[in-house]
Amino acid sequence: MTRQVLPTNVKPTHYTVELTPNLETFKFTGKVQIKLIVQEESDFISLNVNDVTVSKATLQLTQVKTNSELSAGIEYLPNEVVQFKFDQKLTIGSTAVLTCEFEGVHNDQMAGFYRSSYEQEGVKKHLVVTQCEATDCRRIFPCYDEPNKKATFDVILNVEPQYTALANMNVIEEKTVSVNGKSLKQVKYATTPLMSPYLFALAVGEFDYLEAVAKPKLPGAQPVVCRTYTLKGQAELGRFGLGVCTRVLEFFTDFFGIPYPLPKMDMIAIPDFGAGAMENWGLVTYREVLLLFDEGKTSASTKKQIAYVIGHELAHQWFGNLVTMDWWNELWLNEGFATFVGWLATDHCFPDWKIWTFFVTDEFSQGLGLDALRSSHAIDIDVNSPSEINQIFDAISYSKGASVIRMLNAYLGPDKFAQGVSNYLKKHSFGNAKTTDLWAALSEASGKDAATMMHGWTKEMGYPIVTVSKEEYNPTTKKLTLHLQQQRFLSSGDVKPEDDKTVWHIPINVVTSAGVTGHLLSTKTGTIVFDYDPSGFYKLNYKTTGFYRVNYPASHLKKLGELIAQNPTLLTTEDRAGLVSDAFALARAGHVQTSAALDLVSGFTKEEDYVVLKEIDTRLGSVEDAWYLNKPVVAGIKKLKQKLFSPKISQVGYTFPQGEGYLDAQKRSLVIAAAASAGDQSVIQELQKIFANRSTVPIHPNLRLTVLRIVLQNSKQPKEDFDAVLDLIKNADSPDAKIAALSSIGAINDLELVKQVLVYAMDPETVKPQDITRPIGSIVSGSPLPETTYPLLWQWFVENWSKLHEKFAISLSILGNLFKLVAGRRIGKEFIATVHDWAQAKGLDAAAKEQRTKELEVVKRPMEQALETVASMTKWQEDASVATWVSKL
C-alpha cells in the first residue's frame, strides 16, 4: 500500500479561511482562498476533503503577467480527495488562487469542526471547537491535509454577538456584518506563521477566562499573554493551569534557546474531547479534567496529570509546531519528545514531587509492556492511510519514544543533549524535519554517533533482555567480569530466530557499593569489567534508564532481594522499581518461575517509597489478572498484599493533613487502596464508614475512587449504593469527582446492575462518548465477578459493534482502547478462537464478511495486541510454581 498523499503539481503557500458556524442547525458555511505555486504542468488541482460539500470553485491564474479566471469542474475521488479540473493547462512557475465555497457539519464525533454539549442551570447548551489531528482539517475546509504542506493562514469567523471566538492567533479586528440577512460579529485574526494544517484551531462559545503574562528571560524573547478559557462561571478553576502555563513557557524558552513565536497562548477546557489534549499552535484544547483544578475537590494524582499534560502540550509549541515531522511515520518525533520534556517541565515546576521516579512506573513501563508483543511496531514505521495513522498514537510513539530519548539524554549527557536539540530546532524552524536530522544535530553537539546508537531502538520493533550468563571475580585485581548476551524480549517468551535479528547498542550502567560505571554492549554477546567487592552487590541499568530488561543469575537476584529487605534504600527508587518490574516480566515470559518474583517482593516489608510500592501493587495485580479463574491463587496473592500493605495503615492513617507533601498523600492513597483490594476487612469497614458519612464529611478527593470502588465491591445494599454513585456521575461538583464515579461504577457486586452500567455506557446523556472507556474499564479492573462480567462485556461489545464503530471509528484511539478493554483481560485459547470467528464474520454472507473486514481496519493493530496479550497471559497462568508458593503462605 502506498501513502495516500496528494499530487505535487501545485504547492500551497497561504490560506484565507472564512467560516460561519451555526450552533442551532449544526451546519457551517465557508469560503477558502488558497494561494498556490504551480510546480508541474497540469490541468487539475487536488485537495483533501471529508464530510464537506464544495458548491463552487474558481481559479485566479497568473501566467507570464497575464491574469485569468477559470471555472472548475468538481469531482470527488476515493481516499477523501476532491479534484478540480480546468479547461487549460497550468504552467510551471505560475501562481494561482483557488477559491472554494462549501458547507460542512458540526458533527458530534469529536473530529473536525465539531459540537460539544453541556448543561448550565438545567439548560442544554453547545459550543463548537476543532480537532484536526491527524487528518481532520479536511472536515473543516478543502486543504492540503499533510504535515509537510505548511502554509500561513488568515482566519475570519462570523459568529453570534454573544459568543467568544478563538483561533490560533490574536484578534486584529472585530466588526458587525450581515450574513444571509443576519447580523453577526465578524472576527479577524493575525496571520499565522508557517503551520501544518493539523494544527488549525477554532473555538466558539460562551466562555470566561483568566489571564497572566509569561516573561521569558531569554534575550529577545517577548512577553506572552496567556489565558485559560472555561465555560461560564468556571474561570477560577483554570488558575492552577494558568500558573503552570506561564512557568512552562518561560522554562522552555530558556531550555530550547528559542522564543515562543506567537504573541499569545490560550488554553481551553472542552466538555467533549476525544484525546487528552491537543497542541494547536496558540490555542491548546484540553479535556476538562486535564485543565480544571479545584483545591479540595481535585485529587493529587489529577493535579500531577494536569501539570504534566500542560508541559507536554506546550513542549509541542516548539517540538512539533515550530519544527514538524515530515510525515506521520515519524510521529514519535513529536510525541516521544514532548512526552520526555513534559516530564522535564513538570520536574522544573514541582521538584518536590520527584517526578522522574514516576517515569519508571508510568511511561517506561507502558512502553516496555506494549513493545514486548510481536504485534508492536517500530517507533519509526511507515503509515499510509488515516486509519493506519490513528492507530500509532499509542505507547510506542509516546512512551517508548520518551523512554529511548531519556536513555539517549543520559548517554550523551543532559547539557550536550539540550544543545543538540536547540541546534536542531533553530536549523529547521518553521519547516519539517526527519529523525535523521535530529540525530545529526545531537551527534554534532555531543561528538557521539547518535544515529548508530539509536538505529535499533527506533527503526526496529522490540527491545532486548540482557542476560548475565556468567560471573567471574578476580581476587587479585578485585574486578568482576560479567559475560552478557542480548536477545529480543517477548512477553510470550517464544523468541524465534526471525524475531531476534536486531543487535541493539545498549548502554550498560552498573551500580555497585563503590559507585557507577558506564559500558556499552553493541554485539550479541560481550563482557564488561568493573571494580567489585564480593560482600557488596551489583545492579545493571542504573536508575532503570536503559530501555531493556535484565536477567540475573538466580543466586544474584536472591542476594539483591535479601540486601533490599535489610536496607530498602541500598538502591535508588528507580532501581528498586525496575528490579520488581523485570522480575515479573521475566516470569510472565517464562525466563524464571513466578515464585522467584514472589520471593523477591515478599521481602519488601520495609519498603516505604510510594513509587516502589505502586510497582509492587501493579505487578501483584497482574498475577491476579492472569489467575482470575483460580480462586486459591487469587486468595494467596491477596494475603501477600495484606502482608505488605496492611501494616502501613496505622502509619499513614486516613486523613490528609493540609500542606503535606505530594508523595506522602500519594502513598496514603495507595496503601489504603491496596490493603482494601486485598480484602483487609478493617480497612474496608473504615472506607464504608467514610462513604456512609459523606453528606456531613465529604470524601477526600485522594480517596474518592477507592472508597466508591470498595463500597460497590462489598455492598450489602447494591441498588442503593449503585444509585448513589450514579447520582454522582450525573451531578458531580467537579470533573475529577465525575471521573472517579465513572471509573468505579462497574465494580458493583450485582450482575443485573453491571448490565445497567453497559446500558448507561451507550447513553450520551449519562456517559459522554469521550468517557465511555471509564465505566467499561471500571468493570474490567474492579468487578468482583470477573468470571461472569468478562463474557458479558464481550457480548455487549459484539451486540453494539455497529453503533460503536459508527460513533468512534474516526477517533484517534477510543475504539481501539475499548477493544483492548473488553478482550485483553480474558484467558484461554477458546476466547481467541471466538474473537477470530467474529472478526472473520463466520457464518455470515460474503458481503457481511467484506464489511466486517473493512470496519476492523481502524482497530486492526489494537485487536492483534489484545489477542496476543490473551495468549501470553494464558500461557503464564500455567506456571505451577504460583499455586505451590501461595499454598505455603
Side-chain angles (χ1 to χ4, degrees), residues 118-121 207-210 228-245 267-273 276-277 286-310 346 349-350 353 653-670 672-673 687 689-712 721 724-745 766-768 770-771 774-775 778:
Y118 59 98
E119 193 171 292
Q120 283 189 334
E121 298 179 354
F207 307 127
D208 283 341
Y209 70 88
L210 294 177
T228 51
Y229 282 87
T230 67
L231 300 180
K232 288 285 187 181
Q234 297 183 2
E236 195 58 35
L237 300 181
R239 188 168 298 280
F240 172 73
L242 182 64
V244 174
C245 176
M267 306 194 303
I268 183 168
I270 305 299
D272 300 276
F273 197 77
Y286 296 82
R287 283 194 179 204
E288 289 182 322
V289 73
L290 293 178
L291 182 60
L292 306 184
F293 175 77
D294 191 344
E295 192 71 55
K297 294 181 180 179
T298 302
S299 68
S301 59
T302 299
K303 184 178 185 180
K304 178 190 78 109
Q305 190 67 4
I306 290 171
Y308 160 71
V309 171
I310 291 172
T346 309
C349 293
F350 304 98
W353 290 2
Y654 292 89
T655 59
F656 293 81
Q658 192 168 3
E660 77 170 335
Y662 173 77
L663 288 169
D664 291 333
Q666 289 289 76
K667 178 182 171 182
R668 180 181 301 105
S669 301
L670 170 67
I672 292 170
L687 297 180
K689 289 178 186 176
I690 291 172
F691 182 74
N693 296 331
R694 66 190 183 280
S695 60
T696 53
V697 181
I699 304 170
H700 195 281
N702 290 345
L703 276 184
R704 189 187 290 122
L705 175 59
T706 297
V707 168
L708 299 180
R709 180 176 292 174
I710 294 300
V711 164
L712 293 174
D721 291 337
V725 177
L726 182 62
D727 181 67
L728 184 56
I729 290 173
K730 295 179 177 180
N731 301 297
D733 60 359
S734 73
D736 197 45
K738 183 169 187 172
I739 292 300
L742 285 166
S743 301
S744 60
I745 194 165
T766 305
V767 178
K768 280 184 171 289
Q770 67 169 11
D771 294 323
R774 300 283 185 177
S778 75

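Quick note: numbers below take in every heavy atom, side chains included, and nothing from hydrogens, waters or symmetry partners. The model shown is predicted, which means the values in this text are computed figures rather than measured ones.
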K.L.:
Between I306 and F240, is the side-chain contact (heavy atoms from CB on, under 4.5 Å) condition met? List the steps.
P.N.:
CA-CA 9 Å; I306 290 171; F240 172 73; 4.0 Å; yes
K.L.:
To check you understand the geometry: which heavy-atom pair defines the closest contact between S744 and V725, and what is its length?
P.N.:
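Closest approach of S744 to V725: OG-CG1, 4.0 Å.
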K.L.:
So, using side-chain hydrogen bond (donor to acceptor under 3.5 Å, both in side chains) as the criterion, who are the partners of Y229 when residues are at least two apart?
P.N.:
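For Y229 the side-chain hydrogen bond (donor to acceptor under 3.5 Å, both in side chains) partners, ignoring immediate neighbours, are R227.
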K.L.:
Please give me the minimum heavy-atom distance between F350 and A307, naming the atom from each residue.
P.N.:
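Looking at all heavy atoms of both residues, the closest pair is CE1-CB, 3.7 Å.
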K.L.:
I'd like to check W353 versus L663 (side-chain heavy atoms, cut-off strictly below 4.5 Å). Are they in contact?
P.N.:
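Answer no - side chains too far apart.
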K.L.:
For residues 289-300, which residue pairs pass the side chain to side chain donor-acceptor pair (under 3.5 Å) check, not counting sequence neighbours?
P.N.:
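Those involving residues 289-300 are K297-D733, S299-S301, S299-T302, S299-D736.
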K.L.:
Rounded to the nearest 0.5 Å, how far apart are CD1 of I745 and CZ of R709?
P.N.:
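Here the interatomic distance stands at 12.5 Å.
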K.L.:
Between K667 and L670, is there a side-chain heavy-atom distance shorter than 4.5 Å?
P.N.:
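No - every pair of side-chain heavy atoms lies 4.5 Å or more apart.
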K.L.:
Let me see the working for I270 and R287 under side-chain contact (heavy atoms from CB on, under 4.5 Å), right down to the final yes or no.
P.N.:
CA-CA 5 Å; I270 305 299; R287 283 194 179 204; over 6 Å; no
K.L.:
Once you round to the nearest 0.5 Å, how far does CZ of F293 lie from OG1 of T228?
P.N.:
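So the CZ of F293 and the OG1 of T228 are separated by 13.5 Å.
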K.L.:
Short question: side chain of Q120, backbone of K232 - any donor-acceptor pair under 3.5 Å?
P.N.:
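Looks like yes, one N/O pair under 3.5 Å.
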K.L.:
For Y209 and T230, run side-chain contact (heavy atoms from CB on, under 4.5 Å): C-alpha distance rounded to whole Å, both residues' side-chain angles, the deciding distance at 0.1 Å, then the answer.
P.N.:
CA-CA 6 Å; Y209 70 88; T230 67; over 6 Å; no
K.L.:
Does any non-hydrogen side-chain atom of I699 lie less than 4.5 Å from one of F691?
P.N.:
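Yes. Closest side-chain heavy atoms under 4.5 Å.
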K.L.:
Please report the interatomic distance OG1(T706) to NE2(H700), rounded to the nearest 0.5 Å.
P.N.:
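These two atoms lie 12.5 Å from each other.
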K.L.:
Rounded to the nearest 0.5 Å, what's the gap from CD on E288 to CD on Q770? Could you check?
P.N.:
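Here the interatomic distance stands at 7.5 Å.
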K.L.:
Is the backbone of S669 close enough, under 3.5 Å, to the side chain of N702 for a donor and an acceptor to pair up by distance?
P.N.:
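No.
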K.L.:
Can you see which heavy atom on L705 is nearest to which on A740, and at what distance?
P.N.:
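So the two residues come closest at CD1-O, 3.5 Å.
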K.L.:
To the nearest 0.5 Å, what is the distance between CG on L237 and CG on L242?
P.N.:
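Interatomic distance, L237 CG to L242 CG, rounded to 0.5 Å: 12.5 Å.
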K.L.:
Quick one: salt bridge (Lys or Arg N to Asp or Glu O under 4.0 Å) partners of E236, sequence neighbours excluded?
P.N.:
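Expected list: R239.
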K.L.:
For N693 and K689, indicate whether the former's side chain and the latter's backbone hold a donor-acceptor pair under 3.5 Å.
P.N.:
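Yes, because the side chain of N693 sits within donor-acceptor range (under 3.5 Å) of the backbone of K689.
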K.L.:
Do E660 and R668 sit within salt-bridge range, that is, some charged N less than 4.0 Å from a carboxylate O?
P.N.:
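Between R668 and E660 there is a salt bridge, with a charged N closer than 4.0 Å to a carboxylate O.
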K.L.:
If we only count heavy atoms from C-beta on, is the L231 to Y118 side-chain gap below 4.5 Å?
P.N.:
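Touching, per the 4.5 Å side-chain cut-off.
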K.L.:
Taking all non-hydrogen atoms of both residues, which atom of I268 and which atom of L291 are closest, and how far apart?
P.N.:
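So the minimum-distance heavy-atom pair works out to C-CD2, 3.7 Å.
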K.L.:
Is the shortest side-chain heavy-atom distance between T766 and K730 below 4.5 Å?
P.N.:
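T766 reaches K730 side chain to side chain.
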K.L.:
Would you call L292 and Q234 a side-chain contact if the rule is heavy atoms closer than 4.5 Å?
P.N.:
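A side-chain contact exists here, since the closest heavy-atom pair is under 4.5 Å.
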K.L.:
Working to the nearest 0.5 angstrom, can you tell me the gap between K303 NZ and Y662 OH?
P.N.:
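Reported value, rounded in 0.5 Å steps: 9.5 Å.
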K.L.:
Minimum heavy-atom separation for G238 to L210, with atom names?
P.N.:
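Shortest heavy-atom contact: C-CD1, 4.1 Å.
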K.L.:
Return the minimal non-hydrogen interatomic distance between Y308 and T346, and the atom names on each side.
P.N.:
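Looking at all heavy atoms of both residues, the shortest contact is CA-OG1, 3.2 Å.
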K.L.:
What do the steps show when you test I672 against Y654 for side-chain contact (heavy atoms from CB on, under 4.5 Å), and what is the final call?
P.N.:
CA-CA 8 Å; I672 292 170; Y654 292 89; 3.7 Å; yes
